[in-house]
Amino acid sequence: MSIELHEWSAAAMIVALGVYALLGGADFGGGVWDLLATGGRERKAAQRGAIERAIGPIWEANHVWLIVVIVVMFVCFPRAFAAVGEGLHIVLTLMLVGIVARGTAFVFRAYDQRGPENTGRRRMWGLIFSVSSVVTPVLLGVALGAMASGRMTFAEDGRFTGDLWGVWLAPFPLAVGVFALCAFAHLAAVYLCVEVEDEALRRDFRARAWWSALAMFLAGGVVRLTATGGAEGFADNLMRSAWSIPLAAAAGAALIGSALALRARWWGLARLCSGACVAMLVAGFGAAQWPLLVAPQVSIESAKAPAATHGIVLGTLACGSVILVPSLVYLMRIFKGPRAFTALK
Amino acid sequence: MIARVQMALSLGFHIIFAAIGIAAPLFMVLAEWRHIRTGDPYALALSKLWAKGTAIFFAVGAVSGTVLSFELGLLWPRFMEHAGGIIGAPFGLEGFAFFTEAIFLGIFLYGRGKIGKWAHLGAGVMVAVSGAASALFVIMVNGWMNAPAGFDFDPETKVFSNVDPIAAMFNQAWLPQAVHMIIAAYMATAFAAAALHAVRLLKDRESRLHRRGLSITMKVGLVAAIVQPLAGDWAAKVIVERQPVKFAAMEGHFRTETRAPLLIGGWPNEETMETPWAIEIPGGLSFLAARDFNAEVRGLEEWPRDEWPPVLITHLSFQVMVACGMVMLATGLWWSWHAWRRRTIDRSLPCALLWALVMCAPLGFIAIEAGWIVTEVGRQPWIIQGVMRTADAVTRVEGLGPRFALFMGVYGLLTVVLIGVMRRQVLGSPMDVVEEGVRDEH
């Protein structure tokens, strides 16, 4: 069986979504731990400082993966994009507000200060940054959940016939949203365990990694429960697809592996396991949706742009990667390589 | 209607941040380069100062750009459904250019001292280059809307066929429009940055830091201001050929005539089909359109009324854009005369010139907004010239009001906050390098 061009585009979109979850997701997770910083004043400041240093150089690059997903979607599957735009505009609008608030507040917090005396303003930016870091991933998950729920129906002429509020304010999409938040928070905690060098900080973030792993299991269970009745097609696919069961099982195993690796203080292995877990979850989501983009009507087949466009986009992605991948590796080597933090001083 | 206003305001907001995001890295790199070559501590301080500004504007530009990419789908579903397949590739390329800019900006901002100085400078160059490239790609899309290419369209069935994305990208308008826009970005940002340095110089005429800053920004601004009319003329040539209605509206030109006069100023009246109160240069329009004082220039009367853009807005915006450009050019020449006469930054510039530079601060951005109104409003009622009307492309979702209010609230808030942040940055910027060193000690 030959794979058609538009299937490659869809796969590229899932890969970009996965990378966004792994990198951009962790930046949101960092914001979650900024909000939930605990301990005395100094310990809180140390946690927040570590998060700020970890995110600072890379968050904008990580954010672009989401733009890649959007661009591939509206170029390669314009009808699906139009469908999402009409049916989910409330949740997407809220998500955009979250994205704007998170990004600008983070930068303003970093630069809008003339000295340590300016702490009131800094605290305000920090609060906006961290609250929007919590809200935005939930909304992202809600949007994905709604796309899988099978409630987004359209008339012949493309007019949305579903319920603008009910389509996402439902148990299944909300459960997916909470799950996404837990997963991002977990990734951030594990990455921070690897990156910080202070022993006390490391213990703080390890505890967070454990708790959030537990939360992922619970939220995952809720997603599965609400899928029955909330997203039948998705649940059926999940059961039937040859891929999704093994993927889900492997993701669970990787998460347990990460928790054990944290126990054994094998930080690098923990990062690998948690990353693999989230990657497999995104892949599993894609596999269960395949070939649908917006269940139940819009599939990659019915929404695809002309073949020439897919060729161009895939060509663009390939050419772009020639510049992009080395640049990204360079960026990560500078800021995430060994002893990246100490060199800053 | 609300959808149009929302898109217009979002773009109007984004275009400013994008322009600064494109141009500010250039100053950052020029200063850094000067520092590496000459060891000039002022240049280093300037590079750090401008890098901060770049970081702030890039972040705001990045998030407002994300909003735009969603809005394209939310507000213009029909446009994206058809156009996405034809002209989507530049959006993808823009994504990559933007990606590269984000990566290297991270390296430039946080990598000082962690990588070699040439690698650091190289990262800055990458930021500047990819910033300009992303503008290029986005304007490919806009150029295509003005001069559609790369497909066959059946007006009866409204079906697009024979799509050729490469031909669509390299449409007739893309290069002149892109050059015009990128130069505009450099020009506007250069004059705005020069004004900030001028403000500080008015406070302390001796500050070498700000003299150096003024010198670097004004060199770029002057070159841009001199080249810009030529680039604009080139862009106008394509409009004459592909969008003669827009051209007629820009010039407030109602009647087809030979030896058509160029109208400066004036108030076009669509009812009487006249443009009173304008200064007329006989044959000027014919010359601009065809390089011949006696050429025939088609007036608006040749097209049915329902294909006219709003003539008054288009004409006035065009006049405003040109006027701003001319004032900036004049101020730039005034500066160059003083700068050439003194030839060293040790002597201070006259107060009047500094004040003039301060007054020029907003002109570049006003010109960018006005020029953008010319190209967008001047294309109405079409979203894709001659192919798709704006009214057919807009979303059919009802009740956009609350969302519109929300977005405008967010943009308004962001603008206010940003002005506050920038004000504190500018007022808090060091007067001199020594002073900054003292501050760091504390």
Side-chain angles (χ1 to χ4, degrees), chain A residues 56-61 63-64 66-68 70-76 78-79 81-86 89-90 92-93 96-97 99-104 106-108 110-112 114-115 158-160 305-306 308-309 312-313 316-317 319-320 323-324 327-328 330-331 334-335 340 343-344, chain B residues 52 55-56 58-60 62-67 69-70 72-75 77-78 80-82 84-86 88-89 91-96 98-100 102-107 109-111 113-115 126 163-166 395-397 403 406-407 410 414 417-418 421 424-425 428 439 442:
Chain A
I58 54 164
W59 75 271
E60 280 170 312
H63 173 71
V64 185
L66 179 63
I67 300 181
V68 172
I70 298 167
V71 168
V72 174
M73 187 163 176
F74 78 55
V75 175
C76 293
R79 221 158 294 159
F81 192 75
V84 174
E86 293 209 359
H89 75 251
I90 299 171
L92 292 181
T93 303
L96 286 177
V97 173
I99 286 173
V100 171
R102 193 279 300 239
T104 47
F106 183 77
V107 177
F108 289 161
Y111 291 104
D112 187 20
R114 266 190 273 162
R159 196 180 293 268
F160 183 63
T309 307
I312 280 276
V313 168
T316 310
L317 290 175
C319 298
I323 299 177
L324 188 68
S327 310
L328 267 177
Y330 184 52
L331 177 79
I334 296 175
F335 296 107
L344 263 179
Chain B
K52 252 189 196 180
I56 293 171
F58 182 80
V60 178
V63 292
S64 76
T66 314
V67 174
S69 66
F70 270 99
L72 280 174
L74 294 174
L75 300 176
R78 303 303 126 199
M80 291 316 302
E81 190 175 327
H82 296 295
I86 304 168
F91 278 121
L93 290 167
E94 196 274 342
F96 273 103
F98 182 69
F99 219 142
T100 319
I103 291 172
F104 285 100
L105 185 62
I107 295 177
L109 290 175
Y110 292 85
K114 295 171 71 109
I115 52 176
M126 287 297 290
V163 170
D164 177 356
I166 300 280
T395 179
R396 285 166 304 198
V397 173
R403 188 150 53 114
L406 182 72
F407 269 113
V410 169
L414 211 51
V417 167
L418 198 71
V421 172
R424 283 190 290 277
Q425 287 287 329
R439 182 172 315 202
H442 281 298

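Residue numbers start from 1 in every chain, and the chains themselves are labelled A, B, ... in the order their sequence lines are given, proteins ahead of strands. Keep in mind the model is a prediction, meaning the values are calculated, not measured.
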Which portion of [X] sits near chain B, non-hydrogen atoms under 4.5 angstrom:
| X | answer |
| --- | --- |
| A:I58 | neither |
| A:I323 | side chain |
| A:L331 | both |
| A:V100 | both |

*Got a sec, which residues hit side chain to side chain contact (heavy atoms under 4.5 Å, CB included) with B:L93, two or more places apart in sequence or on another chain?*
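Once residues adjacent in sequence are excluded, the partners of B:L93 under the side chain to side chain contact (heavy atoms under 4.5 Å, CB included) criterion are A:T316, B:F137, B:M169.
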
*Is any side-chain heavy atom of A:V71 closer than 4.5 Å to a side-chain heavy atom of B:F98?*
no

*Between A:V64 and B:I103, is any pair of side-chain heavy atoms under 4.5 Å apart?*
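A side-chain contact is absent here, since even the closest heavy-atom pair is not under 4.5 Å.
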
*Of the non-hydrogen atoms in B:A55 and A:E60, which two are nearest, and what is the gap between them?*
O-OE2, 4.5 Å

*Please report the closest heavy-atom contact between B:F104 and A:S327, naming both atoms and the distance.*
CE1-OG, 3.5 Å

*Kindly compute the distance separating CZ (B:F99) from NE2 (A:H63), expressed to the nearest 0.5 Å.*
10.5 Å

*Working to the nearest 0.5 Å, report the span between CD1 of B:I107 and CD1 of A:I334.*
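Here the rounded value is 4.0 Å.
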
*Taking every heavy-atom pair that is under 4.5 Å apart, which of B:V417, B:T100, B:L109, B:L418 has the most such pairs with chain A?*
B:V417

